[in-house]
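Each remark here refers to the structure printed beneath this line.
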2 protein chains.
Amino acid sequence: MVERHHLEIMRSVERQGSLTAAAEQLHLTQSALSHAIRKLEQQLGTSVWLREGRQLRLTQAGHQLLALANRLLPQFEHAEMQIHQIAQGQRGSLRVGMECHPCYQWLLRVVGPYLQQWPDVDVDVKQEFQFGGMGALFGHDIDLLVTPDPLHKPGVRFEPVFDYEQVLVVSEDHSLADEKWVEPHQLEKETLITYPVAVERLDIFTRFFLPAHTAPARHKTIETTDIMLQMVAAGRGVSALPRWLVDDYARNMPIRALKLGQQGMPKQIFLGFRERDEAVDYLNAFVKLARSIRWN
Amino acid sequence: MVERHHLEIMRSVERQGSLTAAAEQLHLTQSALSHAIRKLEQQLGTSVWLREGRQLRLTQAGHQLLALANRLLPQFEHAEMQIHQIAQGQRGSLRVGMECHPCYQWLLRVVGPYLQQWPDVDVDVKQEFQFGGMGALFGHDIDLLVTPDPLHKPGVRFEPVFDYEQVLVVSEDHSLADEKWVEPHQLEKETLITYPVAVERLDIFTRFFLPAHTAPARHKTIETTDIMLQMVAAGRGVSALPRWLVDDYARNMPIRALKLGQQGMPKQIFLGFRERDEAVDYLNAFVKLARSIRWN
DNA sequence: ACCTGTCCGTGAATATTTTTCATGATTTAG
DNA sequence: CTAAATCATGAAAAATATTCACGGACAGGT
């Protein structure tokens with residue numbers, strides 16, 4: 001019925017002052033506009049303007065239409081511009097999913113600079129997935145997965161972006177506090193504090209205790225890193241965390257970091273994304289930026 | 001570029017869940033929609049949804065479009081409905097112009113009931129006209145002119161809507177306070193207070209003093225009726241006003257109304273409008289309602 | 001694994017709509 | 001009163017939208 005085209009005509013006629021001038025501005029003939037409006041008037045059942053000599057004066061219906069044009073046309077134009085930006089990968093929204101607790105601390109450092117570089121990209125972080133991080137990736141609930149466990153499958157690609165060392169955190173007063181490293185059996189009497197995730201996903205078990213066929217005496221879970229470290233500082237248990245994270249906290253807390261085994265436990269953070277999105281500029285840029293960020 | 005039609009498709013596909021179902025709802029074939037969107041995608045430079053098996057999933061551009069559709073389509077529809085009402089004279093805006101000061105008091109009593117009867121008509125009152133009330137009427141600045149002086153010209157019609165008597169207002173303490181009527185020469189020593197308009201437009205001069213070849217001693221002008229009557233009550237002068245207005249104020253003020261001459265001075269309020277608008281329902285209804293209102 | 005029904009995409013044919021062209025009627029300015 | 005400018009109109013041409021008739025892909029049932 002009322003089409004965008006009609007609104008363009010209304011606006012142009014208002015701005016240019018005459019049908020003829022408007023036609024020129026719209027790269028059409030005066031006749032085309034005349035026909036277009038005439039048809040609209042027939043459909044609306046009322047005229048849009050009154051022909052008074054060579055002047056056109058808007059009727060009430062005409063005023064409504066003009067108001068509509070002034071309201072809607074900018075929205076059309078803005079949306080088109082935005083979609084254009086999206087088409088060129090300059091604008092978008094990046095939904096980041098995370099599968100590891102301390103990853104969040106790391107992510108925060110990446111997101112800041114990223115938002116500066118890509119002011120037109122929104123970053124959204126999600127932490128709960130019904131079908132796991134991979135499920136969320138495949139189900140398009142997220143566009144990027146931050147995880148320490150790359151689960152290679154066709155359709156997704158994982159890129160390592162950050163190497164770090166997982167360390168054991170103990171209180172300054174702990175008997176092991178001055179050791180360079182710990183062996184599994186040294187923790188047989190300890191309380192281990194971890195995030196509340198399945199044991200299979202805890203490297204401290206899969207790569208440290210299990211190979212040595214031992215385990216800590218007790219296992220507690222705590223949601224947040226801050227409280228976890230408070231507990232460790234208070235001598236209520238030990239925990240395994242990234243070294244960069246511990247170093248950060250150690251400035252204000254009586255805690256120490258120890259290597260897990262003589263060689264330490266190297267870990268990596270990976271970014272996973274759908275291969276289809278490989279060409280998406282702002283996603284690629286995120287991966288690149290993430291890789292370039294260093295902790296001193 | 002992005003047309004209303006595309007928005008309709010986006011919305012319908014979202015609601016119906018598939019192109020085929022949307023096509024049915026829009027009374028088109030699935031092929032038509034497919035072609036339409038394909039062309040749009042080419043113009044935008046990005047696809048609107050991804051074909052995943054038989055599922056369509058919106059891209060970011062698609063989400064933008066859908067959001068646009070949900071925002072703009074209701075506005076299109078609302079505007080069309082409104083214009084339809086305008087076309088049938090059920091809705092409009094009535095711009096009322098006034099040429100006489102006390103007319104405003106009268107108008108207020110008409111507008112209330114009118115707004116009740118015509119909830120879809122907006123009433124706007126204007127009091128200042130660059131080229132007089134008639135000019136405003138011809139220039140389409142107003143649709144209705146309230147005036148005591150019908151100036152008949154081709155193209156406009158005037159309808160008398162209210163008969164009343166213009167009376168002299170004096171203080172209760174005035175020497176004439178208990179007279180039934182006054183003659184012009186009795187006011188030769190008085191101060192006359194009027195609204196600030198040209199003397200030719202004041203009936204008290206043209207119909208009362210001038211025929212008797214006399215005039216009041218002093219002439220002051222005051223903008224507002226309230227202050228004017230305060231002055232009269234205080235014995236600072238006399239004034240000429242409609243009887244219904246004076247009766248209203250006299251309940252709380254020490255003032256009296258006297259006939260101007262033995263016969264009194266009958267007056268009328270007229271409503272003027274363009275003959276072209278004669279068929280406009282809500283305008284006609286205003287005139288009719290104005291005529292029917294009585295003061296008891 | 002193999003139908004089967006359903007969905008979407010595509011190219012050619014067709015239908016519809018938009019635009020132009022050519023012209024006339026009306027009005028304003030000089 | 002003429003000249004220039006404006007908008008309206010009908011017919012012709014151009015452009016666009018829609019349908020038709022397919023084909024390929026996929027999910028669900030057997």
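All of these numbers come straight from a predicted model, not from anything done at the bench. Note on naming: letters A, B, ... go to the chains in the order of the sequence lines (proteins, then strands), and numbering restarts at 1 for each one.
- Between dT9(D), dT20(C), dC7(C), one nucleotide has an atom nearer to the side chain of Ser34(A) than all others, and that is dT9(D).
- When the P atom of dT18(C) is taken as reference, atom CG of Leu26(A) falls 15 Å away, rounded to whole Å.
- Put simply, CZ on Arg4(B) is 16 Å from P on dA17(D), counting in whole angstrom units.
- Atom CG of Leu28(A) and atom C1' of dA15(D) are 12 Å apart (whole Å).
- Contact annotation: side chain of His5(A) to base of dT18(C), donor-acceptor pair absent below 3.5 Å.
- Set against dT19(C), dT18(D), dC8(C), the side chain of Ala32(B) has dT18(D) as its closest nucleotide.
- Put simply, CD on Glu24(B) is 12 Å from P on dC8(C), counting in whole angstrom units.
- With rounding to whole Å, Gln30(A) atom CD is found 11 Å from dA5(D) atom C1'.
- The distance between atom CD of Gln42(A) and atom C1' of dT9(D), rounded to the nearest whole Å, is 12 Å.
- When side chains are defined from C-beta on, Leu44(B) does not count as touching Glu41(B), because their heavy atoms never get closer than 4.5 Å.
- Within a 6.0 Å sphere centred on CD of Gln42(B), heavy atoms belonging to other residues, nucleotides or ligands number more than 12.
- His27(A) contributes no side-chain N or O that forms a donor-acceptor pair with the base of dT19(C) under 3.5 Å.
- In terms of phosphate contacts, Thr29(B) brings no side-chain nitrogen or oxygen within less than 4.0 Å of OP1 or OP2 of dC20(D).
- Here the side chain of His35(B) is nearest to one of dA8(D), dC8(C), dA12(C), namely dA12(C).
- Both Ser31(B) and His6(B) lie near DNA chain D, and the one whose nearest nucleotide falls closer to the 5' end is His6(B).
- For the pair Glu52(A) and Ala36(A), both in contact range of DNA chain C, the more 5′-proximal nearest nucleotide belongs to Ala36(A).
- Between the CG atom of Leu33(B) and the P atom of dT19(D) there is a distance of 9 Å, rounded to whole Å.
- Remark: side-chain polar atoms of Gln25(A) are not paired, donor with acceptor, to backbone N or O of Gln16(A) under 3.5 angstrom.
- A perpendicular orientation is assigned to the rings of Phe158(A) and His152(A), their planes being inclined by more than 60° (bins at 30° and 60°).
- Taking only side-chain nitrogens and oxygens, Lys39(B) comes nearer than 4.0 Å to OP1 or OP2 of dA17(D).
- Distances shorter than 4.0 Å separate some side-chain N or O of Arg38(B) from OP1 or OP2 on dT10(C).
- Side-chain polar atoms of Gln90(A) and Asp120(A) form no donor-acceptor pair below 3.5 angstrom.
- Whole-Å rounding puts the Leu19(A) CG to dT27(C) C1' distance at 15 Å.
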